Structure formats: structure tokens, C-alpha cells
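Taking it in order: structure first as C-alpha cells, then the write-up.
All chains are named by letter (A, B, ...) in the order of the sequence lines, taking the proteins before the strands, and each is independently numbered beginning at 1. Treat the numbers as computed from the prediction; the structure is a model and nothing was measured.
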4 protein chains.
Amino acid sequence: MTELAAVKAALKTQAVETPSWAYGNSGTRFKVFAQQGVPRTPQEKLDDAAQVHAFTGVAPTVALHIPWDKVEDYAALAGHAEDRGVKLGAINSNTFQDDDYKLGSICAPDPAVRRKAVDHLLECVDIMDATGSKDLKLWFADGTNYPGQDDIRARQDRLAEGLAEVYERLGDDQRMLLEYKFFEPAFYTTDVPDWGTAYAHCLKLGPKAQVVVDTGHHAPGTNIEFIVATLLREDKLGAFDFNSRFYADDDLMVGAADPFQLFRIMYEVIRGGGFTSDVAFMLDQCHNVEAKIPAIIRSVMNVQEATAKALLVDRAALGEAQASGDVLEANAVLMDAYNTDVRPLLREVREEMGLDPDPVSAYRRSGWAERIVAERVGGEQAGWGA
Amino acid sequence: MTELAAVKAALKTQAVETPSWAYGNSGTRFKVFAQQGVPRTPQEKLDDAAQVHAFTGVAPTVALHIPWDKVEDYAALAGHAEDRGVKLGAINSNTFQDDDYKLGSICAPDPAVRRKAVDHLLECVDIMDATGSKDLKLWFADGTNYPGQDDIRARQDRLAEGLAEVYERLGDDQRMLLEYKFFEPAFYTTDVPDWGTAYAHCLKLGPKAQVVVDTGHHAPGTNIEFIVATLLREDKLGAFDFNSRFYADDDLMVGAADPFQLFRIMYEVIRGGGFTSDVAFMLDQCHNVEAKIPAIIRSVMNVQEATAKALLVDRAALGEAQASGDVLEANAVLMDAYNTDVRPLLREVREEMGLDPDPVSAYRRSGWAERIVAERVGGEQAGWGA
Amino acid sequence: MTELAAVKAALKTQAVETPSWAYGNSGTRFKVFAQQGVPRTPQEKLDDAAQVHAFTGVAPTVALHIPWDKVEDYAALAGHAEDRGVKLGAINSNTFQDDDYKLGSICAPDPAVRRKAVDHLLECVDIMDATGSKDLKLWFADGTNYPGQDDIRARQDRLAEGLAEVYERLGDDQRMLLEYKFFEPAFYTTDVPDWGTAYAHCLKLGPKAQVVVDTGHHAPGTNIEFIVATLLREDKLGAFDFNSRFYADDDLMVGAADPFQLFRIMYEVIRGGGFTSDVAFMLDQCHNVEAKIPAIIRSVMNVQEATAKALLVDRAALGEAQASGDVLEANAVLMDAYNTDVRPLLREVREEMGLDPDPVSAYRRSGWAERIVAERVGGEQAGWGA
Amino acid sequence: MTELAAVKAALKTQAVETPSWAYGNSGTRFKVFAQQGVPRTPQEKLDDAAQVHAFTGVAPTVALHIPWDKVEDYAALAGHAEDRGVKLGAINSNTFQDDDYKLGSICAPDPAVRRKAVDHLLECVDIMDATGSKDLKLWFADGTNYPGQDDIRARQDRLAEGLAEVYERLGDDQRMLLEYKFFEPAFYTTDVPDWGTAYAHCLKLGPKAQVVVDTGHHAPGTNIEFIVATLLREDKLGAFDFNSRFYADDDLMVGAADPFQLFRIMYEVIRGGGFTSDVAFMLDQCHNVEAKIPAIIRSVMNVQEATAKALLVDRAALGEAQASGDVLEANAVLMDAYNTDVRPLLREVREEMGLDPDPVSAYRRSGWAERIVAERVGGEQAGWGA
């Protein structure tokens, strides 16, 4: 196989999981702008996600959020997905929208609240059993807003205890993916604020616990690709939540704010063996002002383009320049791949996969957007349910 | 008058305006946690604000937010306030919660949307005429989320045009206060992102246009007291929106995150003549997890404490140390004031004003909290109305 | 002329000024790593700069730094430059390396220090008269390290007074370019910390005073292209100091850290008319670990590539998408230009200019690097002279 | 023992290690401003450090930096210290100032450079044996400036290998303290950029390896007290390098930029048992513009004041408020301690220790400053030796 053929082959195997909630309405604390045609049910979210997969070919699974996507019959939901050509993916827990979570969930000072939170997580594992999902993705909004509000260290003890109970419940093929976040919605402490904290907990829990890197969840200036390389070296990188940001957790389309960073991240993924391992590549975005389905298509394409560029890096030449200490040449080898326009290559890949080379245009021509606006009338549009 | 007497006299004249919306519910994009006893009407917000003034003695006015505080009869609303011992303060516009403001208001690409936004601002001036308010406080959520989304410069032209029309409408005793904000809810560009932009617009508008410094609206690391000193030097500091932050626009209680910064800001205010001029000192906070009225009382007290410390700086000794280039001594003079415990002094001030020396305890003993929980049953609690 | 021909024509007229000091040694406070072959005299710096112009064709001028580049006979220095195919550019002042500048220069509390600083600036204008330089570029290291160390506002008064005296001395065709910087070497206040401060001073000085945007001199997250658009709108953008950063004022090769940002900046330059006006495009970089001359060649090429992409933006399509509020399409039009590989185009441009299409390789083949290592033996290598 | 007596007793046992290099000259990359009377030898640095201890009573040890403090006879140096009433403390390695460290030391691509770096660290352990020092403090300037410059992951492998060799060499009572730093002098990647990386390495090395928290080495907005609490919980907090910052690693006097943060850190130290364990409290500061000895005295006092306030927190009341979810009361309990003026208490502590209650004044009156200016004439002043 020629090198280019290998790159193409790799690109064809790529899988980017899209999140059910990105198809619903989202916004800021100031306003959620509703959009026409937004899904009203988990099934309709899956219908939209199936469109993204139909046009990109690399978005075969859909992450669920519980209770936003709660249904009576998860087997039926899985069947609905499969009928449309996609599968159910990770189960995401939600322990931040009940009134008694005001001071935290799994870390809350009140033991009854902690019990409720852990029970919710256990229920999520039940749902995983029903859906066949492999990954339990945990993000906690837990933290404090004011110095003194709660005991920082006691909250870590509570966190460890709660996670351990859930970990025990996992099946052999199931993983716990623990996400960290710098801040928001808590504004003084966050109980899992950085990769180090998530890593330390996962290490104690065991091999089925791994860390999630959400690309928008870092302090300003953080070198994310360093974290990716380090977690892969420690065999603790479980998944990505892809999105992009200029300021905080802006949840913009991945690759929109800093495409060079996305390329560097994908390079470290590939270099560290993460592309062919079980690292899960997920989107976690909010399309507040742009049309949702084409924004998700574009996001998937952005991941593909960054991946293609990263695959094109001449690693032999790079290694040689690095070993010889030729700073400019090493940088030039990397930049040469980044500066390549990989869109023609990806058009070829899509054609070879039997897809339209231009997924956004194809989607626009498909009439789906008009159809859902026409059909999805009445009912309550999906959103964050806050 | 002894120096301490002068400090006390100054503290007794202090006025901190509280915002009507801080008495209602607020939250993050993830969840608004409702609290018991929250006001359901503008009148009830004024009732709560009157409590803050009753116990602190230095919160005599209340800012309104239109349309959140829209009423039929503003004269009656002003009367309601005065009956309870407070007055109506600044009018705050809201051009970010209608569906057609999705891509901006006064800067939106659609001229019809801009017209609507400017009309809203003109209506706010009408309301000022009715309430006797002196200040129109403008904060725009305008901006873009993606590179290319709109023309950065054209948006400035639209902004200038809209502001000019509103400026023309102001009465002789009315001011336009223009607020800047680093980011949120827009995540790529914000149309008034920094003091320089607000200043440049105010300069062209004329003497009735001045800048608002919201202490939570800056890039990480920004030296806010420098901006305060500079705006005072330029005679363009119109008002403060006080709050505090660890990360972004966290809207915590002022003085909660960095009391030393608040002291430095108040020192520059006093040094620059802003304490005895018409700079308006307002709170703009969100009490997401803490009880609202006592949080606002505490915030007012925090401003008082910072002010007291700033007033206690030995400016003669400071000037001498500065002139002689004695870095450590100059710093020590400033820190000496900061390290002073001014709470006994403020207790005296309150007692001399006929108030309880401990406003929080007095409020807690007053029964108001229990009363509003009991009485404010049913109806819709006030919030941001998003 | 076809559109592509117009793009090429524009690229051929581009001029990027390189700084004499970038050819000398630089480093961090921890260590300056010396490199072989580094110039020992202003003349040798010009020799190196001439190489950059010879291979890129778009670096025709060289900025001087006084006193680092002080010579007896500036006319002779200008002649030396012209003999090698380049010209002398902006004169950069240095008021931060004498022992009496410890507490500032033009803003220092000691009037004698301020006098010395202003005299240095006036001397720089004398040198401009001798060299024919048009621009006086002012960056002040002035500021304070500790709260209270000096009077923030008094320092502004001193700054204004000093600048006014220098402004008066300028000839009809000369400009004063005032640079701002977020922090460093001062760690509490900086006397010109942001564009707003520089703008306010320039406004009062008059039309010959304009602002310099150094791309590394901003708070984390600052939207630099917004500042560029705003300063162009105000006719106050005088020059760029190009470099790039991940953290602070890292002074890396421009385009190395965030090539997408550089593209967005160049797009605003072109959109705002700054490409065909007298905005000066200068580099200000430190090549601490990489070979200096090829790093500067690469930097010039990075500016060219960003410019080419910005020129390729389909502005009609962009305007249409913006006007219609199609967020995704507007973003896509911009990204389409950014994602284009412009290197083939630039190779053509160079060939049409009679240059080698690959400046870095051509430089490497030229033997200049080996020659300067062999010839520049003994003497004292140029550096920051700290 | 009354509670206040216990607080006093704790304060009398406090020990803050001062760094030999803080007595020498330091500066920024722009300029090192020399000061009069600066030590010229390790012995003279110890003489100055002994003054700090003489006046504060809580600075009994002095950290050395190798090779800056290299001497022939370390036993004699230790004797010199003891003669003056202090002891030698941690040994700090320096692998960043030789020319061959340009691309790194222990992580460099060149094995010979790595060998040299490890040998230096082993030599430092030899010196520890000679001085009786217990702690080897490691800070590496290693990193890269440009994407692609070197292989991020391979550098981690090299780091692990080098550290392991040094760890093996440690005696039973010796520790390896690994410091992390966000950035500088490397501007793209840093090989130990955050606590997570340091923690992961220490964990693998074993119980004698612990993490150093330098309070200036974090990304903007990082919650340092959270890291302190977490490392204490993991039994991996080895030491502090105290200083303060507004922007980057400004190395200002500890407590000068954010005294409230220092208080919060000390509270977590005490709450987590770090005050009575073997956590080492060290200063690491640069007194670029202020007099060095009084600045260090002031820094030690700032640590004392923060400690006193933290000791005064009413932990029973705090715990009760936290358990009951009373956010405002919990915050108020903490703030009550912070707002207390502890200077009178510390004056008492000093008097009970037989010291002058005002160390800075006592130092100024002692004549030491004048004496060293008079005596330390000629020779080469100590500095960073870059």
C-alpha cells in the first residue's frame, strides 16, 4: 500500500461520535435562541444524527444524555438508531439540573444528595446494559462559588467514594470516562478541574477508568497536545470531547477557533497510538447561532481535515530533524503537512466511500432541513432542560 | 475635623446602587436554581432593595432593567420606592433576549433589527424621563461567534450610528453610560470588548457619554485600577458595575474573589477624585447559590470596607516614599492601610448613622427572610426572563 | 487584470521590515545562548538583513535600535545598507537599559531621569534626520512592580508631557509610533499597557502619532484583529511588530503559534485599507534557539502566506453571506481562503520577481551561513546589551 | 493552652527557607539592575540570610543553587552558616545555563547532554551528603519553542529515565522535590508544565519523590489551593516555592500580589496537615527593583501573617456552616479570619521570642545595609550567572 493509500485507509476507518444534545437547542445564560426544525424527542435527534453519518460516513454513533434522552425502551431506541444506520454510543450522566444539586452532586455536603447522584450514575450503567453502550461519560458540575463554602479535601473524599461505587458496577467491557473542566458552572473551586485530578482518581479506580479531554476545558494557554501525549503515555486517555473556544468553554465547532491546535492534537494522537486504540472521538458542542446539522457536519469534516494533515506528517523526516536538533527544519516538516490543502484528498476518500465529496452541499440539497422544519411542528423542542 | 472624622464622614456619604435583577433568580447556562421568597414583581424587588438600604444605610437607589422591570406607571413605581425609603436609579437596557437579536442588536446586519434595538433604547430614555433616572446604562450582547460571521468594522459603524441617535435624545441632565465586556455571550468578537472601544465611542458622542467599568469584564490579568485611573484622568469614568470573579464574568459578590484588588480600585477612585464626583457605584451580581438579600448586604459592606481602607491610606507618606523611589516603603504604606481591620470603624459609622453595627445579623433577626418566603407564594419568580 | 494577477501584484508590493536586533543574540532571563556567526556591528546586521531581502524580495528595510546600533556616521551606515540592497527603516528608542531607568524612564518619579529619557528620544529624531528614517518607534519598559510603588496617574501626566515634547520635534514627514504592552518587564502596572492608552495619547498628540500593534503584547484571549480593525477605522494604526506567542511576549516567529490568527489579522488589514496605506509591517522577534537568518526568512514567508490567503478571500461572497445572516456560509467563505495552500502561488510570485521559489533552501545553498561563521571570529557578538 | 496560645506556639515553630540567589542580583531579559552591597560569594549570601533570620526568627535555613553556590569545602560552608545562626537547606540544581542545554537538559535529544545533566544532579546529591541537606529540588527549564521541534512523548521517556537514576542515588533521609512550571524559558512545550505531570513522575519514582508548588508557575486563573489540598491528600506535597505574580512568573514578594490567595493556600496547608508535616516552605523570588534583604524580611512576614490568619479560622464554625450548606455563613467565617489584623499578634509573638516586634525597622536601624555597601566593594556581584 502506498503511503497515500494508507492515509486514505486510515481516514476511512475514522469514527466521530456526535452528541444527541447538539441537535437540540442550546444557548448562554442570557438567552437560548430556538431554531426551527429542532428535534423534540430522542428519536428525532437520532434521525438528525443519521443524516450527519449519511453525508460524512464517519459519524456512526450517537452519544446519549440521561435524563435528556430518557425513554421507556432503550432496546427500541437502539433499534430506531440502527434502522437509520447509526448506533447508540456513550451514556452521559447529568447530575446538575435537579434543585437539590445546587451545592453539588457526588461531592455535595448532604449525604442524601450524594446518594441520589450515585444512584443516577448506577442507573446510567443499567441503561448502558440496555443500549449496549460501552462508555459511561461522567462530567460533574460540582464545585463551589466562594472561598470557605465547602471543604475542598472532603469533597475529594466524597468524589472518590462515589466513583468507586460506580466503578464496581461496571461490566467487563464497560469503561468509566471521567471528564475534567477548568471552571463553570462553579466559579471558585471545581472538583475535577484538571487532567491531574481526573488522572489521580482514574489511577486508583483501575484500568476501566480513563480520562476525557474536552478541548474547551482548560486554563488559558494550556498546551492540550501535551496532555494528550502524556495521557496516552500513561494509557489513561479514554476519549475526547471535541469543540473549540476563544475564551472559556465556548463550545464552538471544533477547529473553528484554532485549526492548528486541532492538528497538533491529532498529531499527538496518531504519534501516541491513540488513533488505532479505543480512544473515543466525540463532539461536544453548542450551536447557539448557527444551523445545527450542517454545523455538526462541518465539525466532523474539520476533524477529518486535521486528521488527514496529521497523517501526512513525514515522521521519518521529522524524527531526523528532531534528533539532529534542527529546530527550523523540524518545525518546517510539521508545518509542511499542516499547510497542505487536504480537501481534495478528502473528496477522493468520500467518493471512494460512495459519498458525495461535499457533505455540506449534499446535505443542503437533500431537503432534510426543509423537511424537519415542516414536519416538526408543535411539541417541545429538545434543549438542555435547565 | 480630625482625619478619622473625615474618613467617617466620607463613608457616611457613600452610595452604592443595587440592581433590581440581583434580587431575582439567576444561574448559569446549565441551571437556574430557584430560591424561596424571590420577588415576583418590580415592586417586590424594590421592597427587598429597601431592606438592603435599611440595614446598610448606603444603598439608597435601585437600578431597573427594561423590560424585566417594565410597568404601566413608572411614577407609581418611583412612589413605591420612595415609600420604602429608596429611589429609582439607572435604567438598564436589554437588547439580547428577543429572538431577532440572535445575530446582534444595535450592530446586527439586519437594519430592521437595528431599528428595533435603537427604538428600545429611545424607549428607555422615555422611561428615564418618567422615573427621573439620570443614567442610561448600555450593555450590548452584540458580537459574533465565528470568524467571518460578520464584518467587524461595519458593526462599529452601525454601533456609532445607533449610539448617536440615542445620545441626541438625552436630556440635559441625562447621561449615557457605555459598558464594555471582554466576551460572553459572543465567543469570537464582542462589539464593545474593552475600555478603549467604549472610550473611543464616548469621546465622539460627547460629554454626556461615559464608560462603565464592570469589574468582571476584563481579560485575565488586566490591571483594572489602571483603567480606573486612566478613565478618571480623561474624565470618562461614568460608573462601576461591581462584582467579582475568579475566571470569567462570574458575577460573584464584589470583594469575594480578590479583596485587595477592590481596595486598589477604590484607592484609585479616591486618588482620582472619583469618590466625590458623579461616578456611580453600582452592583451587578448574580447570587446563584447563596441567599440574595444578605449577599447584597455583604457586597455593600465589602465596598464599604475597601473604601474605608482606601481612605485610610497615608497619602502624604505614600507620596514621599514614591517621590524618593523607596519601593518597599511605598508599598508598605499602601499595605498598612489594607491590612487594617476597618470593621470596628464601620461599626462606629453605622451606629452614628443610627443603624445596627452588624447589618447581616440585623437582617437575619428582622424576620424579612421568613416573611417573604411565607408571603411570596404563587406567581412567577423574577429572573432573567431568558 | 484577473483576480489572481491582482493578488500576485499585491504580494509583489509587500514590504516587511526586519529588525537589526533579531540578527543578534537574544534569550530569556535564564540564559542567552550565543550562536555562531552572529553580527558584531550594525553593519554586519545590515549584511544579514540584506540576505533576507535578497532571498525573499519583500524585506527591503531594516529597523535600527538606538543605542544598540549607534554609529558615528549614519549617512555612511545608510550607504552601507544601500550598497547591499536594503534601506534603513524605523528608529527604535531604548530607555530601559541604563541603571537610572530602574524605576522608569519617561514616567520615572525623578525628573532628571525623565529629562534624560526625553533627550534620548530627541536624539533618536536627530538620527532619523540623518538616516532619512520616517518612523520613531517608541516602546517604554516603564511601569511598577508593586502596588503603591508609584502614582499611576502622575505617571500618565509625565508620559503625556514627555511625548508632547518629542512630538513637537518631529519633522513634517516623520511619525511617532507608540507601542503598548500588557506586561514585562514591569509586573504590576505598565504605563502603556493596552491599545486604549496608546490611542488616547496619540489622539491628543496629533495626526503624526499612531499606535503600534505588537502581536505578542496582549492579555490572554485578546482579539487582536478587532483592535486592528478599530485602529484602522480611527486612522490610528501606524505599524505592526509581528511575532507570535503561546503564553506571554514569547517573540517566536510570526505565524508559528497561531497561523489562523495571523490570517485573520491580515484580512482585517486588507479589509480596512491598511495594506495600501502607510501602515508599517515590521518583525520584532527573538530567535533564542533557532538559526536567526533562516528564521527571519521563514517569518517573512509566513507573513506572505497569511497575506496571500487574506487576499484570496472572496469578499463578495463573504459580504453576501454576512448580510443574509448565514453564519456557516460566511465562516466557510473565510475558511476556504485560509485552507488554500498558497505556497504554489508564492513560488510563482517569487519566480516572476526573479527569485528562487524556495527562499530557505536557496539561503541554505548560498553558503552565507558558513561564511559568517568562518569570518565573524573574535569581537563581541551583538545582543541586547543588557 | 488557650486557642490563641496555640496559634502563637504554632507561629513560633514556623520555618521559611530563604534562597541564596534572592540575595544576589536578578532582573528580566531586558536588564539586570545591579544593587549596591550585593553579596559576591556564597558566604556573603549566608551572611545576609542570617540577618533575615536574626530579625524574623523564622528563617533558619538557606537554600543553595549549584553551581551558583559551588565551593570547595561544603562542610566549611555549613560551618560558616552555623556560625551565623542559620543552616544550609535544599540543594537546587541548575541545568539551564550551559551552552549545550540550549535544547534541553535531562530531556534533550542528544544523549550526551542528558548524561551531563544527570551527572550534575548526581553531583548535587553528593553535595547534599556533604552539607547534610535533605532535599534535592529539581526545576528543569526543558521544553521546546516550536511545534515539531522535538517529540513530546520521547522527552517524557527521557525525563523518567533520568529521574529514576537520580532517585536511586538518594540516601534514606533524602528527598527529590520536583517542580513544575507552566512556561518560561520554553515557549511552546514545557516538559513538566503542571502538577499532574510532576505527580505522575513522583508516583512512579516512589515515596521519596514529591512535588514542589511554586506559586508563580500556573496558568492564569488556576486555583492553587485546590492543588495544595489535592497533593496533601495524595501525600505528595513536598515543598512550596513562595512568591507572587500578577501575570506570569513575576517572582514578586510573596503576598504582594494577592494576599487573600496566600491566606487560602495557608488555610489548605493547615487543614490538610501540611503545617506539621515535612512540607518545606521556601521562598523563590527576584527582587529586581527593591532592596533585597528587607524585601525578603517582608516576604517572611507576609507568610507569617497569612499563616496567622489561617490558624485563626474558626474551624468548628466553618465546618458547621459547610455541613448545613450555608454558603454565606461559611464564607463569612473564613473572611472573618482573613479580615483580622494579625500584626499585633505577630508583634507579641516576636517579643515573646526575644525579637524586635518590627523586623523591617529593626533591620533598617541595624546598619547592616550601610555596612555591606561599604564593605562589599570590588569583586563580582552574585547573580544568576546567565
Side-chain angles (χ1 to χ4, degrees), chain B residues 35 219-226 244-248 250 252-253 255-264 287-299 301-302 305-306 309 325-332 334-344 346 358 360-361 363-364, chain D residues 35 219-226 244-248 250 252-253 255-264 287-299 301-302 305-306 309 325-332 334-344 346 358 360-361 363-364:
Chain B
Q35 296 192 6
T222 300
N223 185 323
I224 301 175
E225 58 268 31
F226 179 91
S244 72
R245 55 165 267 175
F246 287 98
Y247 303 97
D250 305 340
L252 302 175
M253 297 188 298
D258 189 346
F260 183 43
Q261 182 189 58
L262 182 60
F263 160 76
R264 299 192 312 262
H287 307 294
N288 297 347
V289 301
E290 69 273 23
K292 294 167 198 302
I293 298 172
I296 298 170
I297 291 175
R298 170 63 61 200
S299 301
M301 293 170 69
N302 286 350
E305 291 174 20
K309 292 180 178 194
D326 188 338
V327 174
L328 288 170
E329 181 60 21
N331 178 245
L334 195 81
M335 295 312 291
D336 187 41
Y338 178 68
N339 285 325
T340 302
D341 188 344
V342 295
R343 293 174 301 173
L346 282 161
D358 182 345
V360 170
S361 295
Y363 169 75
R364 291 203 163 169
Chain D
Q35 295 191 7
T222 300
N223 185 323
I224 300 174
E225 57 268 31
F226 180 91
S244 71
R245 55 166 265 175
F246 287 98
Y247 304 96
D250 306 340
L252 302 175
M253 298 187 298
D258 190 346
F260 183 42
Q261 182 189 58
L262 181 61
F263 160 76
R264 299 192 312 261
H287 308 293
N288 297 347
V289 301
E290 68 273 24
K292 293 166 199 303
I293 298 172
I296 298 170
I297 291 175
R298 170 64 61 201
S299 300
M301 294 170 69
N302 285 350
E305 291 174 21
K309 291 180 178 195
D326 188 339
V327 175
L328 287 171
E329 181 59 22
N331 177 245
L334 195 81
M335 296 312 292
D336 186 41
Y338 178 67
N339 286 324
T340 302
D341 188 344
V342 295
R343 293 174 302 171
L346 281 161
D358 182 344
V360 170
S361 295
Y363 169 74
R364 291 204 164 169

Evaluation steps, side chain to side chain contact (heavy atoms under 4.5 Å, CB included), between D:M335 and B:R298: CA-CA 11 Å; D:M335 296 312 292; B:R298 170 63 61 200; over 6 Å; no
Separation of D:H287 NE2 from D:K292 NZ (nearest 0.5 Å): 7.5 Å
D:R364 and B:E329 ion-paired at < 4.0 Å: yes
Side chain, backbone, both or neither of D:P220 within contact of chain B (heavy atoms, under 4.5 Å): side chain
ring-ring contact (aromatic ring centres under 6.0 Å, His included) involving D:F263 - partner list, sequence neighbours excluded: D:Y338
Side chain / backbone / both / neither for B:D336 at chain D, heavy atoms under 4.5 Å: both
Heavy-atom proximity to chain B below 4.5 Å, by part of D:Q261: neither
Atom group of D:R245 that falls short of 4.5 Å from chain B, counting heavy atoms: neither
Which portion of D:A332 sits near chain B, non-hydrogen atoms under 4.5 angstrom: side chain
Partners meeting ring-ring contact (aromatic ring centres under 6.0 Å, His included) with B:F246 (sequence neighbours left out): A:Y188
Contact winner vs chain B - D:V327, D:D341, D:D326, heavy-atom pairs under 4.5 Å: D:D341
